[in-house]
Novice: 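Here you go, one structure.
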Amino acid sequence: MKIAMLGSLGNINSYVIPELIKLGHEVTVVTSTDKRVSQIEALGAIPAVGTMTDITFLTEIFTGMDVVYLMISGAGTEIDLNREMQRQAIIFREAITDANVHKIVQLSSVGADAGPEAGSLHAYHYLEDELKKMTDVDIAFVRPVGFYNNLYSNLNSIKNEHAIYSNVPTDVKQKYVAPSDIATVVLPLILNTPKGVSVRFAVSDTFSLKDFIDELARATKISDLHFIEITDEQMKQGMLANHVPEAIVEAFVKTSQYQKSSADIYAALNEDNTTVGTVKLADFVQQYAQAIENTQENHRSSMIVD
């Protein structure tokens with residue numbers, strides 16, 4: 001098959017692309033920088049340099065493809081996340097339609113089916129709704145839960161203060177996922193996209209911040225590693241102090257409030273639509289412990305505002 005993939009050589013694609021190449025498929029990888037061209041070619045894929053906001057470029061790349069994998073990569077210039085997602089969704093839909101593509105796999109997010117109470121996650125609702133307007137296209141939405149990497153936003157405070165700050169209580173159970181476990185969901189959907197519109201959730205493990213702190217304290221021998229609960233207002237002021245636009249701050253604070261109720265954020269997950277992967281808390285803690293020791297590597301969370 002001929003497959004086009006957005007997302008360059010990001011966390012998920014770095015697992016999926018080599019597997020597709022190994023299976024003999026022709027893979028075109030969209031990247032926004034020339035710096036990735038040689039790496040993409042080294043994998044046996046075809047690089048296409050351009051941006052996801054360029055509808056003419058996307059239409060040209062998508063034309064003749066059997067399957068297109070879509071994802072939102074990076075933050076744009078728009079401070080209104082909903083408006084930015086609406087604009088990007090229209091670009092995707094028009095490019096897919098003009099290119100006459102009939103099979104799509106879209107990386108979405110948990111919370112895409114929720115209302116405005118989901119905060120920043122609600123933006124994916126606009127993306128999914130816009131793509132579903134194409135009634136002659138098979139669309140598989142992949143909805144990961146929170147990325148393990150989001151916990152790297154605590155790395156500096158762990159190193160410097162032996163503390164984790166959060167406005168989500170320490171005993172709230174949350175679901176996390178590793179890129180490799182998302183890839184195990186994405187790959188078969190690219191190879192065999194179900195008819196109509198389908199949704200798959202990707203999960204690796206479920207645990208609280210207390211569980212994370214206990215495991216990390218044991219792994220790193222930081223015996224005084226502790227949790228400090230902050231208010232929503234303190235979270236907001238901290239983000240504003242880091243020059244995050246207020247509209248984005250409000251959206252992310254609302255998301256954190258939504259995360260406090262697992263009954264709401266995970267309501268749509270069930271045994272039939274959820275794939276539970278193999279990367280567990282203990283595995284991630286080992287990676288995190290190495291990040292604490294290694295001062296050279298740059299570990300970043302997967303949140304737009306970080």
Side-chain angles (χ1 to χ4, degrees), residues 1-30 43-46 52 58 61-62 64-73 85 88-89 92-93 95-97 99-113 121 124-125 127-148 175-204 266 268-279 302:
M1 292 193 300
K2 290 186 175 182
I3 302 162
M5 300 190 67
L6 270 63
S8 191
L9 298 179
N11 290 331
I12 299 167
N13 282 6
S14 63
Y15 291 98
V16 176
I17 293 169
E19 292 301 316
L20 291 173
I21 298 295
K22 215 182 296 183
L23 291 170
H25 300 289
E26 181 181 299
V27 182
T28 298
V29 180
V30 173
L43 291 175
I46 302 167
M52 67 180 185
L58 290 183
I61 297 303
F62 293 167
M65 295 295 167
D66 297 298
V67 186
V68 170
Y69 171 72
L70 300 173
M71 67 168 292
I72 302 295
S73 53
M85 194 69 85
Q88 187 59 55
F92 281 163
R93 178 181 56 77
I96 292 294
T97 300
N100 199 30
V101 175
H102 294 283
K103 291 185 181 297
I104 301 297
V105 178
Q106 163 69 51
L107 184 68
S108 184
S109 172
V110 66
D113 55 339
L121 300 178
Y124 285 93
H125 157 81
L127 178 58
E128 291 194 7
D129 278 6
E130 189 67 34
L131 294 179
K132 284 189 285 190
K133 291 179 181 179
M134 301 182 292
T135 56
D136 61 340
V137 177
D138 298 324
I139 309 173
F141 293 116
V142 178
R143 295 180 184 167
V145 294
F147 281 51
Y148 273 124
K175 296 183 184 296
Y176 294 87
V177 68
S180 58
D181 284 338
I182 300 173
T184 63
V185 176
V186 169
L187 181 60
L189 292 174
I190 291 176
L191 296 174
N192 187 18
T193 310
K195 290 290 184 183
V197 176
S198 58
V199 174
R200 294 294 306 176
F201 291 92
V203 177
S204 293
Y266 306 126
L269 282 69
N270 58 53
E271 290 184 2
D272 294 329
N273 65 15
T274 303
T275 299
V276 180
T278 61
V279 182
S302 299

Novice: Rounded to the nearest 0.5 Å, what separates atom CG in Leu70 from atom CD in Gln106?
Specialist: 5.0 Å
Novice: Please walk me through it: do Leu43 and Val27 pass side-chain contact (heavy atoms from CB on, under 4.5 Å)?
Specialist: CA-CA 10 Å; Leu43 291 175; Val27 182; over 6 Å; no
Novice: Atom CD1 in Ile12, atom CG in Leu107: separation rounded to 0.5 Å?
Specialist: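 One finds 4.5 Å between CD1 of Ile12 and CG of Leu107.
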Novice: Would you please test Tyr266 and Val203 for side-chain contact (heavy atoms from CB on, under 4.5 Å) and show each step?
Specialist: CA-CA 11 Å; Tyr266 306 126; Val203 177; over 6 Å; no
Novice: Which pair of non-hydrogen atoms, one from Val279 and one from Ser180, has the smallest distance, and what is that distance?
Specialist: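 In terms of heavy atoms, the two residues are closest at CG2-OG, 3.4 Å.
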Novice: Check step by step if side-chain contact (heavy atoms from CB on, under 4.5 Å) holds for Ile190 and Met5.
Specialist: CA-CA 10 Å; Ile190 291 176; Met5 300 190 67; 4.1 Å; yes
Novice: First locate atom CE of Met65, then atom CD1 of Ile96, and finally report the distance between them rounded to the nearest 0.5 Å.
Specialist: 10.5 Å
Novice: Identify the two heavy atoms, one from Pro194 and one from Leu189, that lie closest to each other, and give their separation to 0.1 Å.
Specialist: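 Scanning both residues, the minimum pair turns out to be CD-CD2, 3.8 Å.
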Novice: Looking at every heavy atom in both Glu128 and Ser108, which two are closest together, and how far apart are they?
Specialist: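 Heavy atoms of Glu128 and Ser108 come nearest at OE2-OG, 2.6 Å.
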Novice: Can you find a pair of side-chain heavy atoms, one from Asn13 and one from Ser8, that are under 4.5 Å apart?
Specialist: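 Asn13 vs Ser8: side chains apart.
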Novice: Quick one, Tyr69 and Val16 - any side-chain contact, counting heavy atoms below 4.5 Å?
Specialist: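 No, too far: nothing below the 4.5 Å cut-off.
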Novice: Side chains of Asp66 and His25: does their closest heavy-atom pair fall under 4.5 Å?
Specialist: no
Novice: Quick one: closest heavy-atom pair of Ser204 and Val177, and the distance?
Specialist: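 Shortest heavy-atom separation between Ser204 and Val177 comes out as OG-CA, 3.3 Å.
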Novice: Looking only at heavy atoms, which two atoms of Asn273 and Ala268 are closest? And how far apart?
Specialist: ND2-O, 2.9 Å
Novice: Would you say Asp138 and Thr193 are linked by a side-chain donor-acceptor pair, where the criterion is simply a distance under 3.5 Å?
Specialist: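 There is no such pair between these side chains.
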Novice: With a 4.5 Å cut-off on side-chain heavy atoms, are Phe92 and Met134 touching?
Specialist: no
Novice: What's the separation between atom CD1 in Ile139 and atom NZ in Lys195, rounded to the nearest 0.5 Å?
Specialist: 13.0 Å
Novice: Given side chains that start at C-beta, do those of Arg143 and Val199 come closer than 4.5 Å, heavy atoms only?
Specialist: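 Yes; the side chains approach each other to less than 4.5 Å.
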Novice: Mind checking the NE2-CE spacing from His125 to Met85? Nearest 0.5 Å is all I need.
Specialist: 11.5 Å
Novice: Quick check: do Gln88 and Leu127 have side-chain heavy atoms less than 4.5 Å from each other?
Specialist: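 Not in contact.
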Novice: Pair Thr278, Asp181 - check side-chain contact (heavy atoms from CB on, under 4.5 Å), show working.
Specialist: CA-CA 7 Å; Thr278 61; Asp181 284 338; 3.7 Å; yes
Novice: Looking at CZ of Arg200 and OG1 of Thr184, how far apart are the two atoms once the value is rounded to the nearest 0.5 Å?
Specialist: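 Result: 10.0 Å between the selected atoms.
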Novice: Indicate the atoms forming the closest heavy-atom contact of Val110 with Leu121, along with that distance.
Specialist: O-CD1, 3.5 Å
Novice: Would a 4.5 Å heavy-atom cut-off, applied to side chains only, mark Leu20 and Leu187 as touching?
Specialist: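 Yes, close enough: below the 4.5 Å cut-off.
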